[in-house]
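If you read the sequence from its start, that first residue is 1, and numbering goes on from there. What's counted below: heavy atoms across the whole structure, side chains too, no hydrogens, waters or symmetry copies.
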Amino acid sequence: MRLVSRPFSDLVAMTAKRSPELGGSTAALLASLLGIAMCKMALLVSAKQHPENDLIVTALDSIAMDIASLIDKDQASVQNLIQTLNSDAEAEGKRSALIDATRQPLSACHLLVEAMEVLEQARGEIDQSVTSDYFGGVDIIGASFRAVTRAVNQNLKADLLTEIKDRTKSGRAELQARFDHAFESLGRA
């Protein structure tokens, strides 16, 4: 069963234990879907005054679908990493598991930044009655981005990934700058 189809109480139970079944990046991505849903609700409520919000809602739906498809891949890569690091695997096996467990959240970071940039387009088109929902959703997406970024940075600390860390440094810095710009533009920094 896909994680997004699991009952919320199961997801909480899978996370809140000594040996969690959900990695931090996976839990953060699940939370980001709630943030996107809150923003979408605010856009839909505001659609009478701003029909152009339909395009933004469509873009958010697409991003949410892409995030949902990454969640199970992220979870699988985290579980594989844990098993590999706890085994007698060769260095190359550990390196491969670390790369995969870094690739998934890094892809998710791109999607979260894209969501923030889409939301930035609608910042002045939200009905006053739902601005707290809109900006609350933005805050949740922002927190998810920071949590997923931490997972990427933690994995990149491994000596086995020094070349990957160096190779992705400028791309990660650009991604962070795009996020910071969108977040600050939304007035939520």
> Taking S144 for the side chain and A28 for the main chain, is one N or O donor matched with an acceptor at less than 3.5 Å?
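Answer holds: yes.
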> Are side-chain heavy atoms of S129 and V45 found at a separation under 4.5 Å?
yes
> Should K169 and E174 count as side-chain neighbours, where that means a heavy-atom distance under 4.5 Å?
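The answer is no, as the side chains (C-beta and beyond) never meet within the 4.5 Å cut-off.
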> How about NZ on K48, more than 12 heavy atoms from neighbouring residues, nucleotides or ligands closer than 6.0 Å, or not?
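Count not over threshold, so no.
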> Around H110, counting heavy atoms of other residues, nucleotides and ligands shown, do more than 12 lie under 6.0 Å from its NE2?
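Counting other residues, nucleotides and ligands, NE2 of H110 exceeds 12 neighbours.
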> With side chains defined as the heavy atoms from C-beta onward, is the minimum distance between N53 and L44 less than 4.5 Å?
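No, their side chains stay 4.5 Å or more apart.
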> Between the side chains of Q104 and S77, does any donor sit under 3.5 Å from an acceptor?
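Short answer, no.
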> State, with a plain yes or no, whether a side-chain heavy atom of K73 is found less than 4.5 Å away from one of D100.
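A side-chain contact under 4.5 Å is absent here.
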> Report, as yes or no, whether the 6.0 Å neighbourhood of atom CZ on R6 holds more than 12 heavy atoms from other residues, nucleotides or ligands.
yes
> For D159, is the CG atom crowded, meaning more than 12 foreign heavy atoms sit under 6.0 Å from it?
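Result for CG/D159: open.
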> Spell out, yes or no, whether L156 and I82 are grouped together once hydrophobic residues are joined by side-chain heavy atoms under 4.5 Å, including indirect joins.
no
> Is it the case that R178 places NZ or CZ above or below the six-membered ring of F183, under 6.0 angstrom from the centre and within 45 degrees of the axis?
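No, R178 does not lie over the aromatic ring of F183.
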> Any chance the side chains of S25 and D74 put a donor and an acceptor closer than 3.5 Å?
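A pair is found: one side chain offers a donor N or O, the other an acceptor, under 3.5 Å apart.
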> Would you say that F145 contacts M116 through its side chain, given a criterion of any heavy-atom pair below 4.5 Å between the two side chains?
no
> For the CD atom on E92, are there more than 12 heavy atoms of other groups (residues, nucleotides or ligands in this structure) within a distance under 6.0 Å?
yes
> Going hydrophobic residue to hydrophobic residue with side-chain gaps under 4.5 angstrom, can you get from I140 over to L111?
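Per the 4.5 Å side-chain linkage, I140 and L111 are not co-clustered.
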> Examine L30 and I36 and state if one hydrophobic cluster contains both, with Ile, Leu, Val, Met, Phe, Trp and Tyr joined whenever side-chain heavy atoms are less than 4.5 Å apart.
yes
> Does any N or O in the side chain of R2 come within less than 3.5 Å of the main-chain N or O of A68, such that one atom is a donor and the other an acceptor?
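Checked: pair present.
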> Do L119 and L55 share a hydrophobic cluster, counting only Ile, Leu, Val, Met, Phe, Trp and Tyr and linking them when any side-chain heavy atoms are less than 4.5 Å apart?
no
> Using a 4.5 Å cut-off on heavy atoms from C-beta on, say whether the side chain of L34 contacts that of M38.
no
> Using modelled atom types and a 3.5 Å cut-off, is there a donor and acceptor pairing between side-chain atoms of T26 and backbone atoms of L22?
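Not at all, since once roles are kept as given, no pair shorter than 3.5 Å links the two residues.
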> With distance as the sole test, does S87 use its side chain to make a donor-acceptor pair with the main-chain N or O of T84 at under 3.5 Å?
yes
> Using a strict 4.0 Å threshold on nitrogen-to-oxygen distance, state whether K94 and E90 make a salt bridge.
no
> Counting C-beta onward and ignoring hydrogens, is there a side-chain heavy-atom pair between R172 and N153 closer than 4.5 Å?
yes
> If you define the side chain from C-beta out and look only at heavy atoms, does anything of L3 sit under 4.5 Å from D10?
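Side chain of L3 against side chain of D10, heavy atoms only: no contact under 4.5 Å found.
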> With the 4.5 Å side-chain cut-off for hydrophobic clustering, are V138 and L29 part of the same group?
yes
